[in-house]
Structures are given as structure tokens and as C-alpha cells.
Amino acid sequence: MAVFRSGLLVLTTPLATLAPRLPPILTSAARLVNHTLYVHLQPGMDLGGPAQPQASPVQATFEVLDFITHLYSGADLLRHLDVRILLTNIQTKSTFLPVLPSVQNLAHPPEVVLTDFQTLDGSQYNPVKQHLERYAMSCYSCCSQLSSVLLYPDYGTGELPVESLDVPLPSTIRPASPVARSPKQPVRGYHRGAVGGTFDRLHNAHKVLLSVACVLAQEQLVVGVADKDLLKSKVLPELLQPYAERVDHLSEFLVDVKPSLTFDIVPLLDPYGPAGSDPTLEFLVVSEETYRGGMAVNRFRLENGKEELALYQIQLLKDQSHSENEEDKVSSSSFRQRILGNLLQAPNQRPEIPSGLYVLGLTGISGSGKSSVAQRLKKLGAYVIDSDHLGHRAYAPGGPAYQPVVEAFGTDILHKDGTINRKILGSRVFGNKKQLKVLTDIMWPVIAKLAREEMDLAVAKGKTVCVIDAAMLLEAGWQNMVHEVWTIVIPETEAVRRIVERDGLSEEAAQSRLQSQMSGQQLVEQSHVVLSTLWDPHVTQRQVEKAWTLLQKRLPKTHQTKN
């Protein structure tokens, strides 16, 4: 059967009956659609009658909101699919309208329409499919050559026990009112509300938060997107998508699911954001994790003479496939951790590098753990070139940099035995950009030449993968002699702690050292692979082995590693 890039899944079964069947329905849909799956809820619609069914409003109740959460939770196991539940026909009691917009444009027009509707004999019955195709095209912008598939009986033939049907869904939304809510209780609509988050690599937990906010809002939704100082405490902030990219993904999703709303997407630069200052807002959607922040927003509003916001708290989605060092909830930080070791951009073509040798440049801020990663790569079969050792060779009497450095900085930088006193030399150039440039203009070309000689030696020894371990790899321009840049990242606070512990420096001196280097963010922007030594050593080892395995798969056959 053909596989389609985008599809529309029309669900017609009553929600309580449908919920236990969702996993096999989504799995069946995922066999046919490989990118974007739109979901349209029309419980009770009959595609088997003589008349062409028409779109009709669905009352927004807590059962509907719980079902949205349930569906996104189930879809999290199908991570290759971008699932989007369309909300245009889901209306609160205050805006319950019999007439719906004629045709809604979608960012990815569906190529196939699917349904859970059951024909009597389980066949691909043509009149039903015709009704389905016409219905889809009357609601949404679909591809002109729209295909249709009845998923039943592929997703199951009713083997579920009777007691599992019509059981209320678990409560996932806690409304502001202390009054106990019931599944059939209508959801109140508001004119304007707010929701906030980082929204990095928009995932299904984000989609639940945003969808509930879209159902509640009738006119405008203010969406705060964390930026700048609010990102510093995030896990692996270097791998966060840029603000503009996060906003683009967010905007496309929101306009797709509820185009009738006006969306005001703004940078969130402090914990309160517009929710703390905008007097026209009426509600705020938060997660279990950010509920205290919502309470703080309300205290701030009261202190400043504004009415409290109605808070709607959303239950966190559990991540069924998280690793030991990842959170047990669906989170962007876990997604960023899973990127570690992956190839982020195409390798460089370096025809000038010795034939049969593939070169990696390993870099990172001071204290990031480059040397330990280099040793792990060496044990896996790489030939490691330590740029610090090359620097020592270059400085040694008779070395290629010895005489030029002495001529530039004078004989008072020498020990009595004639060797260069690197502490004195370091004090001359530290904080003096002009003097530092004099030194690097001498040293960097010399070390690069020595590194090339080491590459020739690696080839002579039968090695096929070579690693240049260099803190200043990018500053020195040595990325021009590697196929890939691999960067080790850790938080600056952890780097300071390690430098203080390793080198006996003060915290101020350690911070000063880091400030003289490129930041982790700047390094990552030019990197092909990113790793982190933040967690236990065995976690680092797993990352390195993953990166090495993926490297072997993309190496030409002539470069396959010889241990």
C-alpha cells in the first residue's frame, strides 16, 4: 500500500468508546502517513447513510480535553509523525455556532483521508469512501488527487473487553474552579488568555498545553516564548533551536489547529511576562510543573491592582521510552540529549587531507572533558593528535617556534636552562590582545604544520580515523583541515568548578579563562557532532560509542576503522 507524506484522520466513534482503541488506530494510520497526521474529531458521524454528512460543532467538554491529552500521549510513541488535532469545530458553550467555515487551509494539505468508521463487512466500501473524501474536502484544503482508506478492520475487530468501553478517561485538566468537574461538563470560553513555555522542538506535551489554551480562547491567545536569561538554566542550552525557528514552528501549528484565533507570540524575558502585566487577559494555562509559577503570576497581578487569571493546570505526559539520565516526562531536554552524538550537518569535503584518512576536530571550552573523550575515541581505534603536546614540542629549544617566540618576547621569558617559561610568557599575553595575536600568529601555523605531519604518520601506521584534540580549534582556523568538528559542551558553572578543582585557580580566574574563549554556543554553531560529559562516565561512554558507530556508517568503505 502507498505511503503518504500528510494525511487527515477523521474519528467518528464516540470518545469514551474510541479511547481504548486509539493505540491500534494510530499505529494503522502511521503505516500510511510518514510526516504530518491531522486529526478531526466528529464523534457520531455516519458515513454509511444515503446523505452526504456535513461538519457540525462539537461541544467542548472536559471529556473532549481529556481525549485530546490522551491522543497526544498515545501519539508520542510514533515520534516520526507530527500529529495535529484540528480544533475549528470544537467550540465552547459561549460560542457554539451551527455554521462552520467552509474550507480551512492547512500547512500540509492531506494526500489521504483515513477514518475509524466501521462498515458492516469491513470492506473498502466505495460509497463510504466517497462520503469521506467529500467530507474532508468540504472542511480542509486537501490535495486534488485525494486518496481514502477505511482503517477498520486493520486496527482491530472489537476484541476489547466490554468493561473497557465507555469508561471515563483519566482526568488530565484541572480547572481554576474548586468545584469538582465531570467529563460532560462544558468548558467555559474566554475572550483572551495566555500560555508560555520554551517550545523547543515542539512536541506532544507542548501541543496539549497549546490545544487546551486554543479551546479556551475565543478571540486572542498570547503565547510567551522563553528567550535569553530564561534559557540559561536549561539542560544543553547550546542545542536549543533559535528563537525565530521556535516561533516559526509554533506559529504554523497554532494557525493550523485554530485559524480563527489571533495569536500574539512574544519573547518571554522574565518569569511573569505579559501574563503578569496585561489587564485584558482572563486565563493562563500551565502544566503541573509550572503551576507555582502561575500562582506567582496571580500574586503579582493582585499586588499591581489587576484581577487574578483563571488557572488551568495540565497533567504532564509520561515519556514511556526515557533513558536513565532523562526526565520521565515528555520534555525538550530529553530530545536535546538524544541529539548528542548525531550528525548535525553535512561533513566537509577535504581533498587536501591524506587519502584514506578521515579527520575529526575535537574541541570545547576549558574543563569540558575533551581529553577524556579523546581517550575514549582512541580506545575505539582513532589516532589522537594532542595539540597541547604539539605546542610543547614547538616551544622546546630547537623546535620550530622556539626562536621566533624568543625574538618576539625577549630572553627574559627563558628559564636558566634555556627553555621557555610558559608562565612568564602567559602573563605577558593574558589580557593583552595585541601581544596574544603576536604569539598565536607564530604558534598556530607551526602547530598546524606539526598536525599535518602527524596525519601522515597516522596513515603510515594504518589508521583511518584521526582526532585533533584542540581547545582553540575554531579560533585557529583548523576546521579547514578536518572533515568534522566534534564539540564537548557543559554548563559554564560546571566548567568553573572543574577548572578550580583541577588547576587550583580561583573562581574569578577560572571565569576569566572561559571568557577569553569562544562560548559553547558559538562552538556548537560550527559543529557537526555535539557530546557532553555532564553526566556519569558511563553515560559519556554511551554517547561516544553512539557517535563512533554512526561515524562508521557514514565513512567511505576505504575509511573503515582498523584497530
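Quick note: numbers below take in every heavy atom, side chains included, and nothing from hydrogens, waters or symmetry partners. One-based numbering along the sequence shown.
The aromatic rings of Tyr272 and Phe300 lie parallel to each other, their planes meeting at an angle below 30°, with 60° marking the opposite boundary. In this structure, Phe67 and His70 have tilted ring planes: the angle between them lies in the 30° to 60° band.
A salt bridge is absent between Glu307 and Arg301; no separation between the charged side-chain nitrogens and carboxylate oxygens falls under 4.0 Å. In this structure, Lys207 pairs ionically with Asp82, as a charged nitrogen and a carboxylate oxygen lie closer than 4.0 Å. For Glu303 and Arg299, the salt-bridge test fails: no basic side-chain N is under 4.0 Å from an acidic carboxylate O. Between Lys329 and Glu288 there is no salt bridge, since no side-chain nitrogen of the basic residue lies less than 4.0 Å from a carboxylate oxygen of the acidic one. The residues Glu501 and Arg498 are annotated as not salt-bridged, no charged nitrogen and carboxylate oxygen being separated by less than 4.0 angstrom. With respect to the salt-bridge test (charged N to carboxylate O, under 4.0 angstrom), the residues Asp503 and Arg513 qualify.
No side-chain heavy atom of Thr198 sits less than 4.5 Å from a side-chain heavy atom of Ser332. Residues Val10 and Phe117 have side chains not in contact (no heavy-atom distance under 4.5 Å, counting atoms from C-beta outward).
A donor-acceptor contact under 3.5 angstrom links the side chains of Glu327 and Ser333, judged on distance only.
Of the possible polar contacts, one joining the Gln52 side chain to the His131 backbone as a donor-acceptor pair under 3.5 Å is found. Remark: side-chain polar atoms of Arg5 are not paired, donor with acceptor, to backbone N or O of Glu111 under 3.5 angstrom. A distance-only check finds a donor-acceptor pair linking the side chain of Asp116 to the backbone of Thr13 [under 3.5 Å]. Under a 3.5 Å cut-off, the side chain of Asn298 and the backbone N or O of Leu309 do form a donor-acceptor pair.
In this structure, His206 has its ring center at least 6.0 angstrom away from the ring center of Phe253.
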